[in-house]
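Atom set for the values below is all heavy atoms of this structure, side chains included, hydrogens, waters and symmetry mates excluded. Chain identifiers are assigned alphabetically (A, B, ...) following the order of the sequence lines, protein sequences preceding nucleic acid strands; residue numbering begins at 1 within each chain.
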Amino acid sequence: MSRNYNFKEIEEKYLKEWEENKLFKSTEDKNKEKFYVLEMFPYPSGKIHMGHVRNYAIGDVINRYLKMKGKNTLHPMGWDAFGMPAENAAIKSKIHPAKWTYENIDYMKKQLKRLGFSYDWDREIATCSPDYYKWNQWIFLKMFEKGIAYRKSALVNWCPHDLTVLANEQVIEGRCWRCDTPVVQKEIPSWYLRITDYAEVLLDDLKELEGKWPDAVITMQKNWIGKSIGATIKFPIENSTAVLEVFTTRPDTIFGVTFMVLAPEHPLVLELAKGTDYEDEVNEFVNKYTTMSTRERNIIEEKEGVFTGRYAVHPITGEKIPIWTANYILWGYGTGAIMAVPAHDERDHEFAKKYAVPIKPVIKPVEGDWDYEKEAFTEEGILINSNGFDGLKSSEAKEKITQYLEEKGIGEKTINFRLRDWNISRQRYWGTPIPIIYCDECGIVPVPEEDLPVVLPENVEFTGMGNPLEKVEEFVNTKCPKCGKPAKRETDTMDTFIDSSWYFLRYCDPKNDKKPFEKEKVDYWMPVDLYIGGIEHAVLHLLYSRFFTKFLHEEGLVDVKEPFTKLLTQGMVLKKWIKIEKLLELYNLDENAKLSDLAKALGIDTKLEDKTVKQFLEENHLTLNDNAKLLFEKLKFPMNILTKLEEEYGKSDKMSKSKHNTVDPDEMIQKYGADTVRLYTLFAAPPQNNFDWIESGVEGANRFLKRVWNYVNDISEDIKDVTYAHEDFKNLNKEDKDLRRKLHQTIKKVNDDITREYQFNTAIASIMEFFNSLTSYKGENKKILKESVENLILLLSPFTPFIADELWRIIGNTGYTIQQKFPEADPSALIEEEKEIPVQINGKMRGKITVPADASEEEVLNTALENENIKKWIEGKEIIKTIFVKGKILNIIVKG
RNA sequence: GCGAGAGUGGCGGAACUGGCAGACGCGAGGGACUUAAAAUCCCUUGGCCGCAAGGCCGUGGGGGUUCGAUUCCCCCCUCUCGCACCA
């Protein structure tokens, strides 16, 4: 009689043993092939969620698998520990951000351990620790030295109530996400990193990532960098010494310019309008747009603009061209001004139509007609109305006209990028202090390297207004490192994306207190061979990390030019849920129904107060839009009824607290165990897909493990002392041979599936399939049983390591499965003597025949012709030809 | 609008280079065990026709290439994601 599958006891036992035996520690070993597998580190928000579980389960399988394959792996974990939630917690509940963060780290670390993830915890880092952010500052100083870090004043989102800069995503519908105050554009000085210097190489090197990174991510980065080739052209302004510079990708359309447009933010706008009849109108217009939030500015659909009252002079023809300002021109791209060619640009065309500006065609389609009053023609064509350039193809004209402009000194070829320099200043406490000192005498002075780190002061007051650091006198007031006179510290802290832009390097040498990392160690481990995380970081984090790597490479600090060889973007874990409204709808009820009516409809027999649903919702502060789960909880209705309804009628959504559709990993582990949770998340779908968390699926995974547990326990006494060698498997009977072939086919498939695009779902499916064959095996060959069970356990080990280790002992072994060699298929076991192959007549499946595996076409055809069912289709007809693929198919083509 | 990706049973998904569509799991139906339920075990499960043998249809829709198409090509439809006046 076997014991029950007590996952709790098993899992806790091995957690202890693994830790005591330092099973997951990694050190450099030049004799072994290395593999660096990394998962994006979490923000310590409090508890891990299912998305983390999935992300880290994927990485863990790879790490365990490759360790068993003999690779020297690096698999570290840490904490992206700076950021706003900690500071908000401080403002709200007066807990210091450090305390809040470290408590969360403690809790989440326990959770990750509980799931059996094989991290080398000796390499753990927390970015909020001075040991770590010291090196943020060190890298910043290197960048400052090279002119990559610089300070400038520019327009940013500013909350006038909280007195801080807000990131774009912190501006909700034009208002501050915290205090609801309308956000304005404000010009303030900030620190920037000159990522645009690397635009070309960041774009070019994407080619190296093709086939290794998802196409979607590569495309998104390409678009984000947004390279375009064109020309800058200078337009003189009538009655002025000022010159208007524009960027265009269509210099071939220069003879079609009928107006110029400036962004409302363009400094020339107000200057030009001054003293004209249009001055007031222009002032009003500019004011309207410059006080708008970035968000509002983005929502605008209708094009709007005003004439400035001034004219530019066409640099080739000398024509007078009216200068406008309009909302559809972006300040920050190109020169913030354009030459408008309504005939050949849709946006300019729309604007010209609205304001009745003339449209002048200068390119005609190669074939067919086109009415320039109706729509813009933006494709390749032949030049017309263009002085000496008529008849040229537009692509040729681009070159020729640009050349002409360069010769005349009125323009030049220009490459423009959409990518902007990276504003890293945050008027926030919980981040890395920017190591800069302002001195009245010496100006901007970098903190000397030996004075690093500039440590965050601990005694700080959090009011939610402005940057707390500004009020810390002992932090702000310092001495100039150059002249020794009193000076002030920079109080901006760094964007937390800095922290994550190089953490993968620090893992290679996490305790170094002399430098960010030892080059030798980084060169051994880098690049990250497999990086796993959500696609939401497709641009920001992944682009920043590439940028940092390239900078550090130039500085000679790392050998690699790209940090992440292979990128796996895992899908989200979703959960279906039902609104209260929908629940009522399903039973043809409305909010005026009695609670007892609802209970009756659901088939629940309990005593309830005599109230309507509406009354009950109001008393409990619920609305029809809330999750029906909340109503079920309040009414103490059985949840399994709701679960069924959710799975049938629910809407899939990303798990979120506001929707109350989260599934707590802790609860799941308690109910089913870590092995089951891991197995389910890996089996439910391929890693790249989203999937719905369905509890009956979890039960299925659990059921499988229980079956394996019972089977191995039942058979363990019989096979415990059995040994086997390769010679034992000669001259087997059919049944034994079949099982053994199935085993080795499974081994082959599991190896293939894990290696090929991480198809864990199919790998697990094939293990299940093998297990089904094993349980229906009627033979009595103990050696084959032992081989099968032993390999089954090892195949499961990367996915469900706890149960694997326990079963490993139960069948008489010692040690841990992760220390074993991962199974390799025995080629001799894979050989099939007979094969069932399908037979088609005229391409339609008509039957299957069993033939020797190496049978020739003739033999197969003869066997096929003897088959009754196939005969039926051929009788009285003439065989024209046959198509035969050895071991695969026979297709007989007949006529008549 | 532009760009990328995807449409396969009731559901998640499989089918790797064109070669037996639906592996594996969930759900559902039936049965065994049980006083009963749960758990467990066994059988069935794409649709239609048929007692059965078997046949017909079937991978979003239409067309094409091929002995043979979920897979390749063309057109259309739908969905998801990203970017969104980037001159």
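Backbone-only engagement by Lys888(A) is indicated by non-hydrogen atom pairs under 4.0 Å involving sugar-phosphate atoms exclusively. If you check every strand for non-hydrogen atoms under 4.0 Å, Pro214(A) touches nothing. Heavy atoms of Lys886(A) sit nowhere under 4.0 angstrom from any nucleic acid atom.
For Glu757(A), the side chain to side chain contact (heavy atoms under 4.5 Å, CB included) test picks out Lys566(A), Gln688(A), Gln759(A), with sequence neighbours left out. By the salt bridge (Lys or Arg N to Asp or Glu O under 4.0 Å) test, Arg54(A) is found to be paired with no residue, residues two or more places apart in sequence or in another chain being considered. For Lys644(A), there are no salt bridge (Lys or Arg N to Asp or Glu O under 4.0 Å) partners at least two apart in sequence or on another chain. Residues forming a side chain to side chain contact (heavy atoms under 4.5 Å, CB included) with Lys222(A) (at least two apart in sequence, or on another chain): Leu203(A), Leu206(A), Glu210(A), Ile218(A). For Lys749(A), the salt bridge (Lys or Arg N to Asp or Glu O under 4.0 Å) criterion is met by Asp753(A), not counting sequence neighbours. Scored by the side chain to side chain contact (heavy atoms under 4.5 Å, CB included) test, Glu647(A) finds Thr643(A), Ile694(A), Ser696(A) as partners (sequence neighbours excluded).
The side chain of Arg418(A) has C83(B) as its nearest neighbour among A14(B), C83(B), G19(B). Distances were taken from every side-chain heavy atom of Asn891(A) (C-beta onward) to each of G68(B), C24(B), C85(B); the shortest belongs to G68(B). When each of C67(B), A87(B), G82(B) is scored by its nearest atom to the side-chain atoms of Thr249(A), the top-ranked nucleotide is A87(B). Minimum atom distance to the side chain of Asn223(A) is reached by G3(B), of the listed G3(B), C24(B), C26(B).
Of the P atoms belonging to G22(B) and G46(B), the separation is 9 Å, rounded to the nearest Å. Using atom C1' as the reference point in both G19(B) and G13(B), the two lie 22 Å apart (nearest Å). To the nearest whole angstrom, the two P atoms, one in U45(B) and one in C24(B), are 12 Å apart. Separating the P atom of C81(B) from that of C76(B) is a span of 23 Å, rounded to the nearest Å. Comparing A21(B) with U59(B), their C1' atoms sit 7 Å apart, to the nearest whole Å. If you take atom C1' in U17(B) and the same atom in A69(B), they sit 14 Å apart, rounded to whole Å. Rounded to whole Å, the separation between the C1' atoms of G9(B) and A14(B) comes to 13 Å. Between C83(B) and G29(B), the two P atoms lie 45 Å apart (nearest whole Å).
By the 4.5 Å heavy-atom criterion applied to side chains, Ser788(A) and Leu739(A) are counted as neighbours.
In a base pair of the Watson-Crick type (N1 to N3 plus N6-O4 or O6-N4) or a G-U wobble (N1-O2 and O6-N3), with each distance short of 3.5 Å, A32(B) is matched with U40(B). Base pairing of U17(B) is not made with any nucleotide, judged by Watson-Crick or G-U wobble geometry with both donor-acceptor distances under 3.5 Å. With a 3.5 Å ceiling on both atom-pair distances, the Watson-Crick or G-U wobble partner of C56(B) is G47(B). When Watson-Crick and G-U wobble pairs are counted only if both distances are under 3.5 Å, A4(B) pairs with U80(B). Across every strand in view, G25(B) sits in a pair with C11(B) that passes the Watson-Crick or G-U test at under 3.5 angstrom.
Nearest-nucleotide assignment on RNA chain B puts the 5′-proximal partner with Asp752(A), out of Asp752(A) and Gly700(A). The nearest heavy atom of RNA chain B to Ala701(A) and to Trp224(A) marks one nucleotide each, and the one closer to the 5' end goes with Ala701(A).
At least one side-chain nitrogen or oxygen of Arg703(A) sits closer than 4.0 Å to the OP1 or OP2 atom of C26(B). Applying the 4.0 Å criterion to OP1 and OP2 of A87(B), one finds that Lys303(A) has every side-chain N and O outside that range. Phosphate contact (OP1/OP2 of A87(B), side-chain N/O of Ser228(A), threshold under 4.0 Å): present. Taking only side-chain nitrogens and oxygens, Asn761(A) comes nearer than 4.0 Å to OP1 or OP2 of A14(B).
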Nucleotide N/O of nucleotides 47-57 of chain B paired with protein N/O under 3.5 Å:
unit_1, atom_1, unit_2, atom_2, d
C56(B), OP1, Arg846(A), NH2, 3.3
C56(B), OP2, Arg846(A), NH1, 3.1
C57(B), OP2, Lys844(A), NZ, 3.2

Give every pair of a protein N or O atom and an N or O atom of nucleotides 4-12 of chain B that lie under 3.5 Å apart, one pair per line with the distance.
unit_1, atom_1, unit_2, atom_2, d
G12(B), O2', Ala684(A), O, 2.6

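Side-chain contact annotation: Thr746(A) with Ser766(A), donor-acceptor N/O pair under 3.5 Å absent. Defined by atom type and a distance below 3.5 Å, a donor-acceptor pair is missing between the side-chain atoms of Glu699(A) and Tyr680(A). Side-chain contact, Tyr672(A) with Asn702(A): no donor N or O sits under 3.5 Å from an acceptor N or O. A side-chain donor from one of Thr196(A) and Asp421(A) sits under 3.5 Å from a side-chain acceptor of the other.
Between the CG atom of Asn640(A) and the C1' atom of A37(B) there is a distance of 14 Å, given to the nearest Å. The separation between Ile870(A) atom CD1 and C20(B) atom P is 15 Å, rounded to whole Å. Rounding to whole angstrom units, CG of residue Asn842(A) and C1' of U66(B) are separated by 14 Å. Look at CG on Leu705(A): it is 12 Å from P on C26(B), rounded to the nearest Å. For the pair Asp753(A) CG and A15(B) C1', the computed distance is 12 Å after rounding to whole Å. Atom-to-atom, CD1 of Ile889(A) to C1' of U66(B) comes out at 13 Å; the value is rounded to the nearest Å. A14(B) atom P lies 14 Å from atom CD of Glu769(A), rounded to whole Å. Between Lys227(A) atom NZ and C83(B) atom C1' there is a gap of 20 Å when expressed in whole angstrom units.
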Please lay out, stage by stage, how Glu857(A) and Lys886(A) fare under the test salt bridge (Lys or Arg N to Asp or Glu O under 4.0 Å). CA-CA 7 Å; Glu857(A) 175 162 3; Lys886(A) 200 170 196 169; over 6 Å; no
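Pairs of residues two or more places apart, or lying in two chains, that qualify as side-chain hydrogen bond (donor to acceptor under 3.5 Å, both in side chains) and include a residue from residues 844-856 of chain A are Ser856(A)-Glu859(A).
Shown here, G63(B) is classed anti by the O4'-C1'-N9-C4 or O4'-C1'-N1-C2 angle, which is more than 90° from 0.
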